[in-house]
**Student:** 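Below is one structure. I have some questions about it.
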Amino acid sequence: MLKLETGDRTSIGSYDTVRNYPLTSELRARLTYHRQRMVSGTPDQVHAQLTALATSYGVEEITAVTITYDFADRLRSYELLAEVFELAPVAQTLA
């Protein structure tokens, strides 16, 4: 979110780059604000947060987008979501 707000259209940096990114007090405040708007945590915590959001908004479907530097981490996040929501892989549902 900070990259978007500052007009930085480069790709997400590595974990070391992000961890060592110099933050001004203004950027730290924005980061704190954005963290309140994100769903994150353990699979069970994410399940609870997403379920609460869906209930609050009265929706039956949620789209999740995970943005990571490493594609394997992105895939793993989707696997964890599928597990905690007890979703079957697409290939299984088509069979």
Side-chain angles (χ1 to χ4, degrees):
M1 294 303 298
L2 292 178
K3 289 173 74 71
L4 286 173
E5 288 181 350
T6 59
D8 183 351
R9 302 292 187 239
T10 60
S11 63
I12 299 297
S14 69
Y15 298 114
D16 286 335
T17 300
V18 171
R19 191 177 2 258
N20 297 316
Y21 190 84
L23 293 173
T24 64
S25 58
E26 181 180 313
L27 287 178
R28 284 186 194 283
R30 295 300 301 162
L31 186 59
T32 299
Y33 168 74
H34 286 306
R35 283 188 175 148
Q36 297 172 43
R37 302 172 55 216
M38 295 178 188
V39 174
S40 64
T42 66
D44 288 334
Q45 290 169 333
V46 169
H47 181 271
Q49 292 173 53
L50 290 176
T51 301
L53 279 171
T55 300
S56 174
Y57 285 100
V59 299
E60 297 178 4
E61 184 175 312
I62 293 175
T63 300
V65 177
T66 301
I67 300 171
T68 62
Y69 175 75
D70 184 25
F71 186 70
D73 289 343
R74 183 179 309 175
L75 291 178
R76 182 63 182 141
S77 74
Y78 295 138
E79 289 171 352
L80 292 170
L81 280 170
E83 288 172 17
V84 77
F85 279 95
E86 299 177 355
L87 302 173
V90 174
Q92 243 184 334
T93 59
L94 296 176

**Student:** Residues in salt bridge (Lys or Arg N to Asp or Glu O under 4.0 Å) with Arg30, at least two apart?
**Tutor:** Glu5

**Student:** Taking C-beta and beyond as the side chain, do Lys3 and Arg9 meet within less than 4.5 Å on heavy atoms?
**Tutor:**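 No, too far: nothing below the 4.5 Å cut-off.
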
**Student:** Through direct or indirect side-chain contacts below 4.5 angstrom among Ile, Leu, Val, Met, Phe, Trp and Tyr, which residues connect to Val18?
**Tutor:**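 Val18 shares its hydrophobic cluster with no other residue.
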
**Student:** Roughly how far, to the nearest 0.5 Å, is the CG atom of Leu81 from the CG atom of Leu87?
**Tutor:**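 If I round to the nearest 0.5 Å, the distance is 8.5 Å.
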
**Student:** For Thr17, enumerate each residue passing the side-chain hydrogen bond (donor to acceptor under 3.5 Å, both in side chains) test, keeping only those at least two apart in sequence or located in another chain.
**Tutor:**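 Thr17 satisfies side-chain hydrogen bond (donor to acceptor under 3.5 Å, both in side chains) with Ser14 once adjacent residues are dropped.
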
**Student:** Ion pair present between Arg76 and Glu83, side-chain N to carboxylate O less than 4.0 angstrom?
**Tutor:** yes

**Student:** Under the rule for side-chain contact (heavy atoms from CB on, under 4.5 Å), what residues qualify as partners of Tyr15, not counting sequence neighbours?
**Tutor:**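 If we apply the side-chain contact (heavy atoms from CB on, under 4.5 Å) test to Tyr15, skipping adjacent residues, the hits are Arg19, Thr68, Asp70, Asp73.
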
**Student:** For Thr32, check side-chain contact (heavy atoms from CB on, under 4.5 Å) against everything at least two apart and list the hits.
**Tutor:** Gln36

**Student:** Which residues pass the side-chain contact (heavy atoms from CB on, under 4.5 Å) test with Gln49, sequence neighbours left out?
**Tutor:** Val39, Gln45

**Student:** Is Tyr21 isolated, or which residues cluster with it under the ILVMFWY side-chain rule of less than 4.5 Å, directly or via members?
**Tutor:**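 Its cluster partners, ordered by chain and number, are Leu2, Leu23, Leu27, Leu31.
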
**Student:** Determine which pairs satisfy ring pair (Phe, Tyr, Trp, His ring centres under 6.0 Å) with at least one residue from residues 59-81, sequence neighbours left out, and list them in order.
**Tutor:**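 Output for this query is empty, none listed.
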
**Student:** So which heavy atom on Pro43 is nearest to which on Val84, and how close?
**Tutor:** O-CG2, 3.5 Å

**Student:** May I have all residue pairs that pass salt bridge (Lys or Arg N to Asp or Glu O under 4.0 Å) and include part of residues 34-47, sequence neighbours excluded?
**Tutor:** none

**Student:** Can you check side chain to side chain contact (heavy atoms under 4.5 Å, CB included) on Val46 and Leu50, steps first, answer last?
**Tutor:** CA-CA 6 Å; Val46 169; Leu50 290 176; 3.7 Å; yes

**Student:** Can you confirm whether more than 12 heavy atoms, excluding those of Leu4, are under 6.0 Å from its CG atom?
**Tutor:**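 Counting neighbours around CG of Leu4, more than 12 heavy atoms of other residues, nucleotides or ligands fall under 6.0 Å, so yes.
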
**Student:** For residues 28-56, which residue pairs pass the ring pair (Phe, Tyr, Trp, His ring centres under 6.0 Å) check, not counting sequence neighbours?
**Tutor:**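 Pairs touching residues 28-56 that pass the test: His47-Phe85.
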
**Student:** Please enumerate all residues that pass side-chain contact (heavy atoms from CB on, under 4.5 Å) together with Asn20, with sequence neighbours excluded.
**Tutor:** Asp16

**Student:** Less than 3.5 Å apart, which donor and acceptor atoms pair up between the side chains of residues 54-61 and the rest of the protein, not counting sequence neighbours?
**Tutor:**
from	atom 1	to	atom 2	distance (Å)
Thr55	OG1	Thr51	O	3.0

